[in-house]
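Being a predicted model, the structure only gives us computed values, none of them experimental.
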Amino acid sequence: MTDDSLFLIDVDKILRAKIPGRYKYIPKFVISYLKKIVHQDEINVFLNESRDKVGVDFLEASLNFLDAKVEVKGKENLPAGGLYTFVSNHPLGGQDGVALGYVLGRHYNGKVKYLVNDLLMNLHGLAPLCIPINKTGKQSKDFPRMVEEGFRSDDQLIMFPAGLCSRRQNGVIRDLEWKKTFIVKSVQTRRDVVPVHFGGRNSDFFYNLANVCKALGVKFNVAMLFLADEMFKNRHKTFTVTFGKPIPWQTFDKSRTPAQWAEYVKDIVYKL
């Protein structure tokens, strides 16, 4: 593998590409701060050292880098045969995705795929496990086809139906609304749904920042910039992943709308 194909984080390059006209007016200390909160140097050292690892091996290297341990509960609920949609709450935005992919990837011999933000496709080691989702950019017209291909594939699917990681509302840390895609597509492709609960939380700073931005009507997801920093704050921890019993796809009948069924599954996840 050549250096050219290795993705490294480069804040300067990103800013020059995103705001070429205004880049030269950004104070140096702001750029330094951005590099610090995205942990540019530390993550690039890791990406360089794990350059030869792909798929589940890359996820294992990531867990080792973050010194994250995973305790699995309900392993007896992991089905042996057939294809399933695994849906989880999204408390962290880093370790939860990596750990869940690792546990299921090892269990199903690497036959897993995430439906994730298309930015993660830049990570060479993760790309083989990803079905990229970008409803706004140039991929938007391909979005339905890519999701369709994912559900028609012979891989186990991992989804975080909230899209964003959890927020704090009225003092409770919980996912925002779960999107109904996993219900509609699981019924169409006759995949039973396995509810998954991931234990963990981000810092008070993260939740307060997200709420302040929302109150101010800031459209850009500023909190997302701090997810790498949250990932580092959550180093050296043990996380609990709990698998619930599979829910047969036939459950999701016409007695409720797909959105209501999505909420139903979300409630099951939070009771695990």
Side-chain angles (χ1 to χ4, degrees), residues 56 59-60 62-63 66 68-80 82-108 112-117 129 155-183 185-186 191-204 206-207 210 223 227 230-231 233-249 251-252 256 258-272:
V56 181
L59 295 177
E60 185 175 16
S62 301
L63 286 178
L66 296 166
K69 308 281 186 297
V70 188
E71 184 188 337
V72 180
K73 291 184 176 176
K75 204 161 189 178
E76 68 280 3
N77 291 325
L78 288 177
L83 296 170
Y84 298 84
T85 309
F86 291 84
V87 292
S88 174
N89 61 318
H90 202 9
L92 304 176
Q95 281 93 334
D96 43 5
V98 172
L100 191 51
Y102 170 71
V103 171
L104 290 171
R106 280 280 176 258
H107 189 80
Y108 291 107
V112 293
K113 284 275 195 294
Y114 296 97
L115 270 85
V116 294
N117 187 306
L129 300 177
D155 293 303
Q156 309 297 344
L157 291 185
I158 303 170
M159 294 181 74
F160 296 98
L164 297 170
C165 57
S166 304
R167 299 292 193 257
R168 182 161 58 199
Q169 294 177 301
N170 304 318
V172 178
I173 297 166
R174 193 175 161 103
D175 279 5
L176 300 177
E177 180 200 4
W178 275 25
K179 307 294 184 287
K180 65 183 179 182
T181 305
F182 79 95
I183 295 286
K185 290 294 172 191
S186 295
R191 284 177 180 256
D192 292 351
V193 171
V194 181
V196 186
H197 183 267
F198 197 97
R201 55 161 288 172
N202 284 323
S203 69
D204 286 335
F206 178 84
Y207 299 119
L227 281 179
E230 292 297 320
M231 198 166 66
K233 285 178 186 171
N234 270 313
R235 265 180 134 171
H236 320 301
K237 290 186 180 176
T238 298
F239 299 98
T240 302
V241 181
T242 308
F243 294 101
K245 287 184 164 42
I247 305 167
W249 63 268
T251 307
F252 310 118
R256 305 185 193 197
Q260 287 169 335
W261 279 122
E263 200 60 28
Y264 167 84
V265 177
K266 179 183 172 185
D267 287 340
I268 288 175
V269 163
Y270 278 100
K271 285 176 185 146
L272 288 173

Phe160 and His90 aromatic ring geometry - parallel, tilted or perpendicular at 30°/60° bounds: parallel
Can you name the nearest heavy-atom pair linking [X] to [Y], along with the distance?
X: Val193; Y: Ser186; answer: CG2-OG, 3.7 Å
X: Ala68; Y: Gln95; answer: CB-CG, 4.3 Å
X: Ile183; Y: Ala262; answer: CG1-N, 3.8 Å
X: Thr251; Y: Trp261; answer: O-CZ2, 3.1 Å
X: Leu59; Y: Gly101; answer: CD1-C, 3.4 Å
X: Asp192; Y: Trp249; answer: OD1-N, 2.9 Å

Within 6.0 Å of NZ in Lys233, more than 12 heavy atoms from elsewhere: yes
Drop me the distance from [X]'s [atom1] to [Y]'s [atom2], to the nearest 0.5 angstrom.
X: Lys69; Y: Phe239; atom1: NZ; atom2: CZ; value: 11.0 Å
X: Leu92; Y: Phe206; atom1: CG; atom2: CZ; value: 9.5 Å
X: Ser166; Y: Leu176; atom1: OG; atom2: CG; value: 7.5 Å
X: Ile173; Y: Cys165; atom1: CD1; atom2: SG; value: 11.0 Å
X: Arg201; Y: Asp96; atom1: CZ; atom2: CG; value: 14.0 Å
X: Tyr84; Y: Leu104; atom1: OH; atom2: CG; value: 13.0 Å

Side-chain heavy atoms of [X] within contact of [Y], under 4.5 Å:
X: Leu100; Y: Phe86; answer: no
X: His197; Y: Lys73; answer: no
X: Phe182; Y: Leu157; answer: no

Leu272 and its side-chain contact (heavy atoms from CB on, under 4.5 Å) partner, picked from Thr240, Val241, Thr242: Thr242
salt_bridge(Asp267, Arg174) N-O dist < 4.0 Å: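 Salt bridge between Asp267 and Arg174, a charged N being under 4.0 Å from a carboxylate O: yes.
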Verdict with reasoning, Gln260 to Glu263, per side-chain contact (heavy atoms from CB on, under 4.5 Å): CA-CA 5 Å; Gln260 287 169 335; Glu263 200 60 28; 5.6 Å; no
Test log, rule side-chain contact (heavy atoms from CB on, under 4.5 Å), inputs Leu66 and Asn234: CA-CA 8 Å; Leu66 296 166; Asn234 270 313; over 6 Å; no
